[in-house]
Amino acid sequence: MSKKFFAILSAAITSVVGYPAVYEINAPVEWDNNAPVCLKMGGRSAYGDSIDVNSMYVSRNGVPVIPVMGEFHYCRYPAGQWEQEIQKMKAGGINLLSTYVFWNLHEEKEGVWNWYGNLDLRSFLKLCKKNNMEVVIRIGPFGHGEIRSGGLPDWIFAKNLDVRSNDAAYLRYVEKFYSQIAGQISGYLFKDGGPVIGCQIENEHQHSAAPWYVSYPGEETRDHTAASYDKGITKVGVSVQDAKITRAELGTKHMQTLLQMAKNAGIITPLYTATGWGNAAVIPGEAIPVTAGYTYPTWSAKQRRSNFCIFKDLRKQPDYSPVRYDPAAYPSASAEMGVGIQIVYDRRPICQPDVAEAMMIRCLGGGSNIIGYYMYHGGSTPRMNNGTGDFFSDQPMGVPKISYDFQAPLGEFGLEAPSFRLLRTIHSFLDDFGDRLAPMVTVMPDNASFMTPDNCNDLRYAARMNSRGEGFLFLVNSQDHDSDRHDQTGLQIKLNIEGDTVMVPGNGGFTLPKNTSAILPFNFDMDGACLKYAIAQPLMKIEDNGSRHYFFFVRPGMKPEYLFDKTTVKGRYKFNNITPGFNSTFQVKTNNGKTITITTLAYNEALNATKINGKLLITKATVVLQPHGARLLSMGNPEFEYVVYPSVSGLRSRYQR
């Protein structure tokens, strides 16, 4: 008999002068014994690889994974530099690249198709395959993307048809567009051994529209690129949908029609996605609804503290709710997170990197099993070829004509933004430990239900754990539009797990510095040794001569501490008084005869760390990851300092000119 899952949780906060502030969290009283439900997605490649999707997570060859997706528009970047930028994205921990196929760029003039130069999608996919970068193509036909009329070509507005609807005349043009895309990606689909594993159908359908670029004399309000029956409900940006969608059934039918048209054209992928936020139309059971989060939305007149640094169970209440689907029936996919933003002429916020980190750690703690960025790599919007000298930018929205930098982790010209390395530490964690995290359920404390963006005193925290009591704590002490943060000191978290109580830390308290977020493990299996807790964030693991070397890191102001279950190790089981750095390494012997090695990196070392072909590379230089190694780039300094481990010199720096 199946047990119903009861998330009966509590958070009790006690504080006495001179003693820690104790926060409490309880494991679920009962666990759901039912396996996640398989969805109508998935596939097999020509090489025997498999992708499967259930109601909780994606699996690769039977192993749960948490994909990390980054948006990069091939059409907004010089083709001669595509490969280097793909390699930079891989070095940043991106393993799934998403890109729009904008209709108006490829068919600016009706019937004249352009798939050349910076619009050569096929060549772009060839480079992705060469560099083992998988791809989600966003085929529209409407995309938005702050591009002219959301990607719909100018000439289509002169036709007697209803865009973004099942109008037969409109669908005939869409069919031609899809057929063109299918020809470009033929041979590069996952089933053929290619990199294209996913396809997004439409974008923000029945939620958002772009201003129609073309206007006429006497027009009082600018038309929007929406079906006639959606004119009164569509928004310009991402937000909560507060209007009633009177023709929801038409939106759902249109999405289903587009999906079938894509398949009929030959665009067959293991994953299909569709916008899920703000009551947008979805494709029930056949596409993963993706969600978004923007802390600095320039389409909003009021710039204020957002809720995206506050924990909630995203499998119960997705961001920008209400939504048109059951969130428990799909993996939570925070796949369009705005860690940057495109400036407009009258609003130019500066996106803070610690807020980007906080938002992503909050998403993972809230149950997200797919994360992604819009944009991850900026670019430049191309000029039109119609002789007007105009650009494809969406000028009615007030965006710059050319620059689409987006304050992205990799900017318009390929330079790293401050968020790049912060986010890479999260991606490294997911690469090595995502298989553990993906099946874990979200456990929320009571204080999450009444936490507000203005509260800078109470700890923001959540946990994910499994029925064995193994899990991770997610902590946030950052907030957008907030300069009043302060260090949270004397913290202690009490984990009430069936048959066990874990105090983090065991004695005293720890500090979570201001503008800091962290992931802390508990009951963490390390090759047979049970790490009861660590006041340090897991970064990666490296194989070294048959044994495993775990790397953690801490932020300045945090003191690392490790406590092992003494019944699972031989000898010393508690390690503190650690100075982060290469000399912090210690070893633990397990009862099963294994030896594990642990190093606590200093924060700057962790920021500069990436894994290449199973080895740890630490360098201040920009890393360009290549199939058999890496290239290092440095501006203004001809000398390179780096660490490669394992190596004959161990954890020591090297220099090169």
Side-chain angles (χ1 to χ4, degrees), residues 5-15 20-32 56 240 277 291-293 295 304-323 327-328 332 334 337 354-355 357-369 371 426 437 440-466 469 471-482 484-486 488 491-497 502-504 509-510 512 514-522:
F5 176 80
F6 295 94
I8 303 175
L9 311 166
S10 67
I13 306 169
T14 59
S15 181
V22 180
Y23 291 82
E24 192 167 348
I25 192 164
N26 294 340
V29 175
E30 296 187 11
W31 295 86
D32 187 353
M56 194 168 183
V240 173
W277 60 81
T291 62
T295 49
R304 53 192 173 195
R305 295 173 183 174
S306 77
N307 290 316
F308 297 114
C309 297
I310 296 176
F311 288 101
K312 65 176 179 178
D313 190 336
L314 295 168
R315 285 177 55 77
K316 294 181 180 178
Q317 186 186 12
D319 290 323
Y320 297 117
S321 290
V323 295
S332 174
S334 298
M337 307 310 291
D354 63 281
V355 173
E357 176 193 42
M359 184 163 59
M360 302 317 296
I361 285 181
R362 169 263 192 189
C363 287
L364 290 169
S368 289
N369 275 339
I371 62 170
I426 301 173
L437 180 62
M440 291 179 177
V441 301
T442 295
V443 182
M444 302 299 295
D446 274 352
N447 82 342
S449 65
F450 53 80
M451 184 67 68
T452 66
D454 296 326
N455 186 334
C456 61
N457 294 317
D458 292 327
L459 179 65
R460 301 176 183 184
Y461 68 116
R464 286 180 67 175
M465 65 177 70
N466 57 33
F472 300 93
L473 283 168
F474 297 83
L475 315 174
V476 165
N477 188 14
S478 289
Q479 175 66 54
D480 58 275
H481 300 91
D482 186 359
D484 297 329
R485 307 303 298 181
H486 57 80
Q488 293 182 321
L491 300 174
Q492 191 175 42
I493 301 174
K494 183 180 181 182
L495 298 166
N496 296 314
I497 303 167
V502 180
M503 298 296 292
V504 183
F510 70 94
L512 186 65
K514 66 178 181 179
N515 304 327
T516 292
S517 300
I519 303 171
L520 307 182
F522 59 89

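- Residues V355 and C309 form a side-chain contact, since some pair of their non-hydrogen atoms from C-beta on lies under 4.5 Å apart.
- The closest donor-acceptor contact from the side chain of T442 to the backbone of G367 lies under 3.5 Å.
- The side chain to side chain contact (heavy atoms under 4.5 Å, CB included) test with L475 is passed by exactly one of L491, I361, T516, L520: L520.
- Side-chain atoms of Q479 never come within 3.5 Å of backbone atoms of N307 as a donor-acceptor pair (strictly under, hydrogens ignored).
- Residues D319 and T291 have side chains that never bring a donor and an acceptor to within less than 3.5 angstrom of each other.
- The distance from atom OG of S321 to atom CG of L314, rounded to the nearest 0.5 Å, is 9.0 Å.
- For the pair T452 and R460, the tightest heavy-atom approach, listed with the atom from each and the gap, is O-NH2, 3.4 Å.
- The backbone N or O of I310 sits less than 3.5 Å from a side-chain atom of R362, completing a donor-acceptor pair.
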Checking side-chain contact (heavy atoms from CB on, under 4.5 Å) for the pair I493/F522: CA distance, chi angles, key distance, verdict?
-> CA-CA 11 Å; I493 301 174; F522 59 89; over 6 Å; no
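- Looking only at distances, no side-chain donor or acceptor of D354 sits under 3.5 Å from a matching main-chain atom of S478.
- Side chains of M360 and S368 form no contact here, defined as non-hydrogen atoms less than 4.5 Å apart.
- When all heavy atoms of K514 and N477 are compared, the pair lying nearest together is CA-ND2, 3.3 Å.
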Are F311 and M444 close enough, and set up right, to give a side-chain contact (heavy atoms from CB on, under 4.5 Å), and what steps lead you there?
-> CA-CA 8 Å; F311 288 101; M444 302 299 295; 3.4 Å; yes
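- Using a 4.5 Å heavy-atom threshold, the side chains of D458 and M451 count as touching.
- Distance check, rounded to the nearest 0.5 Å: CZ of F474 to OG of S517 gives 11.5 Å.
- One N or O on the side chain of N466 and one on the backbone of G469 form a donor-acceptor pair closer than 3.5 Å.
- Residues meeting the ring-ring contact (aromatic ring centres under 6.0 Å, His included) test with F472, sequence neighbours left out: F429, F524.
- From L495, atom CG reaches atom CD of E24 across 9.5 Å, with rounding to the nearest 0.5 Å.
- Taken to the nearest 0.5 Å, the CG atom of L437 stands 8.0 Å off from the CD1 atom of I519.
- By the ring-ring contact (aromatic ring centres under 6.0 Å, His included) test, H486 pairs with no residue at all, sequence neighbours left out.
- R315 approaches S332 most closely through the heavy-atom pair CG-CB, 4.0 Å.
- Nearest heavy atoms, M56 versus N369: O-ND2, 2.8 Å.
- Ring to ring, Y23 and Y461 are close: their centroids are under 6.0 angstrom apart.
- Looking at every heavy atom in both residues, K494 comes nearest to M503 through CG-SD, 3.3 Å.
- Summarising the geometry of L512 relative to A518, their closest heavy-atom pair is CD1-CB, 4.3 Å, with the distance given to 0.1 Å.
- The structure places CZ of R485 at 7.5 Å from CG of N515, a figure rounded to the nearest 0.5 Å.
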